[in-house]
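The next block holds one structure in the form of structure tokens; read it before the comments.
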Amino acid sequence: MTTQTTPDDSALTKDGLAPSGDGRVLLLACGALAREILDLKQRNGWDHMDLTCLPAILHVHPEKITDTVRDAVAKHRDAYATIYVVYADCGTGGLLQAACEELGVEMVPGPHCYAFFDGLTAFENRDEVTAFYLTDFLVRQFDSFVWKPLGLDRHPDLRDMYFGNYETLVYLSQLDDPALVDLAKQHADRMGLAFEHRKSGYGDLETTLQGWAKR
């Protein structure tokens, strides 16, 4: 059994993660979830599950996610008995769900990773339309996923135009890391938003993977 090591965040952002080639079940995930999934695999002994990740930067271009997932399922289908897609809708407007149904593969429910980390029911009940969410990965990769794509590294004067309708930055932490909390606070200050920290852990991601692992 080959043990997968987690690449650094830069590699997960640009390149994703190749499968190890072990196991009969493949988890096809976003690179932003690699650390969490590998931790869950190790802690639970899910040796029958392999992991491959698409580049996390696809979230900046959600119109590309569906076709990229479709291509990856086709690429790996013959090597695994089952493939699960570890993406939520992620800005695809229902297109990813439709593609997964067409391909006969199951995906994680919910609108995006913030919702399943927070817990879908809790997230829906909060109805926080003025909240901007970050996870551990997005706190670490804030410049690559938020600041630079919006051009704020070049035009900081546009900050209020982009974030004027938000009131709070909500950091949903998977790990208990004071350094990440401090960094998230700095991001909130840069955005001109109030700050809230919730220790979400792995939320519905963990329960979903547990269900798949038992099949």
Side-chain angles (χ1 to χ4, degrees), residues 1-117 120 135-138 141 144-145 174 202-215:
M1 179 66 62
T2 301
T3 300
Q4 284 178 291
T5 58
T6 307
D8 62 29
D9 286 339
S10 179
L12 289 170
T13 295
K14 298 176 183 177
D15 305 316
L17 176 69
S20 67
D22 295 318
R24 57 180 175 80
V25 174
L26 180 66
L27 302 173
L28 173 59
C30 170
L33 303 175
R35 294 178 183 275
E36 291 75 20
I37 296 172
L38 288 174
D39 180 50
L40 287 168
K41 283 177 77 275
Q42 182 178 10
R43 286 201 279 126
N44 290 281
W46 294 336
D47 294 334
H48 64 299
M49 302 179 100
D50 195 2
L51 174 65
T52 188
C53 293
L54 301 179
I57 199 63
L58 284 172
H59 275 289
V60 178
H61 305 284
E63 73 280 0
K64 297 181 180 180
I65 291 176
T66 301
D67 285 343
T68 307
V69 168
R70 188 188 295 274
D71 291 344
V73 170
K75 176 181 178 181
H76 297 295
R77 173 151 259 163
D78 290 343
Y80 296 89
T82 306
I83 295 177
Y84 293 110
V85 173
V86 195
Y87 274 86
D89 180 76
C90 299
T92 68
L95 294 178
L96 182 57
Q97 178 67 56
C100 287
E101 291 174 357
E102 176 189 333
L103 294 166
V105 297
E106 190 172 341
M107 61 182 280
V108 178
H112 40 60
C113 61
Y114 321 127
F116 62 64
F117 278 137
L120 294 180
T135 63
D136 287 0
F137 182 87
L138 292 174
Q141 290 291 294
S144 295
F145 279 78
Q174 287 69 70
Y202 296 155
D204 287 349
L205 175 66
E206 182 169 9
T207 55
T208 298
L209 295 185
Q210 286 173 337
W212 289 344
K214 294 176 181 177
R215 295 182 184 176

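The figures here come from the full heavy-atom set of this structure, side chains too, leaving out hydrogens, waters and symmetry mates.
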- prompt: Does L12 reach the side chain of L17, with side-chain heavy atoms less than 4.5 Å apart?
  reply: yes
- prompt: In Å and rounded to the nearest 0.5 Å, what is the CG to SG distance from L95 to C90?
  reply: 12.5 Å
- line: Taking every heavy atom of P62 against every heavy atom of G91, the minimum-distance pair comes out as CB-O, 3.7 Å
Just list the side-chain donor-acceptor pairs under 3.5 Å for residues 63-72, sequence neighbours left out, or say none.
| residue | atom | partner | partner atom | Å |
| --- | --- | --- | --- | --- |
| T66 | OG1 | L96 | N | 3.4 |
| T68 | OG1 | K64 | O | 2.7 |
| R70 | NH1 | E102 | OE1 | 3.4 |
| R70 | NH1 | E102 | OE2 | 3.1 |

- prompt: Between CD of E101 and CE of M107, what distance do you get to the nearest 0.5 Å?
  reply: 9.0 Å
query: Measuring from D136:CG to L33:CG, what's the distance to the nearest 0.5 Å?
result: 11.0 Å
statement: Heavy atoms of P109 and A88 approach each other most closely as O-CB, 4.4 Å
query: L26 and P19: which non-hydrogen atoms are nearest, and at how many Å?
result: CD1-CB, 4.2 Å
query: What class does the angle between the rings of Y202 and F117 fall in, given that below 30° is parallel, 30 to 60° is tilted and above 60° is perpendicular?
result: tilted
query: Can you tell me how far the CD1 atom of I57 sits from the OG atom of S10, to the nearest 0.5 Å?
result: 10.0 Å
- request: List for me each residue that meets side chain to side chain contact (heavy atoms under 4.5 Å, CB included) alongside D78, sequence neighbours excluded, and say none if there are none.
  value: none
query: Charged N to carboxylate O under 4.0 angstrom, E36 versus K41?
result: no
task: Would you list the pairs meeting ring pair (Phe, Tyr, Trp, His ring centres under 6.0 Å) in which at least one residue belongs to residues 94-114, sequence neighbours left out?
output: H112-Y114, H112-F123, Y114-Y133
message: Checking the side chain of T208 only, and the main-chain atoms of L205 only, is there a donor and an acceptor separated by less than 3.5 Å?
response: no
message: The criterion is salt bridge (charged side-chain N to carboxylate O under 4.0 Å, His left out); which residues satisfy it with D39, sequence neighbours excluded?
response: R43
- request: Report the C-alpha separation of F116 and E206 in whole Å, then their side-chain angles, then the decisive distance to 0.1 Å, and conclude whether the side chain to side chain contact (heavy atoms under 4.5 Å, CB included) test is met.
  value: CA-CA 9 Å; F116 62 64; E206 182 169 9; over 6 Å; no
- request: For the residue pair Y80 and V25, establish whether any side-chain heavy-atom pair is separated by less than 4.5 Å.
  value: no
Note, V73 side chain near L28 side chain (heavy atom, < 4.5 Å): yes
task: Might you work through the side chain to side chain contact (heavy atoms under 4.5 Å, CB included) test for R77 and L103, ending with a clear yes or no?
output: CA-CA 10 Å; R77 173 151 259 163; L103 294 166; 4.2 Å; yes
field: W46 backbone acceptor or donor facing N44 side chain under 3.5 Å
entry: no
- request: Indicate yes or no: at least one non-hydrogen side-chain atom of T135 is less than 4.5 angstrom from one of Q174.
  value: yes
field: From SG (C100) to CD1 (I83), nearest 0.5 Å
entry: 10.5 Å
- prompt: Between A56 and A32, what is the shortest heavy-atom contact and its length?
  reply: CB-N, 3.5 Å
field: Side chains of T82 and W212 in contact at under 4.5 Å (non-hydrogen atoms)
entry: no
message: Holding to side chain to side chain donor-acceptor pair (under 3.5 Å), I want the full list of residues that pass it with T13, two or more places apart in sequence or in another chain.
response: Q141
message: I'd like to know whether CD of Q210 has more than 12 heavy-atom contacts from other residues, nucleotides or ligands below 6.0 angstrom.
response: yes
query: To the nearest 0.5 Å, how far apart are CG in L138 and CZ in F145?
result: 6.5 Å
- prompt: Below 4.5 Å, heavy atoms only, C-beta onward: do H59 and C30 meet side chain to side chain?
  reply: yes
query: Hey, are D50 and R24 close enough for a salt bridge, meaning a charged N less than 4.0 Å from a carboxylate O?
result: no
message: Among residues at least two apart in sequence or on other chains, which ones pass side chain to side chain contact (heavy atoms under 4.5 Å, CB included) with A29?
response: I37, L51, C53, V86
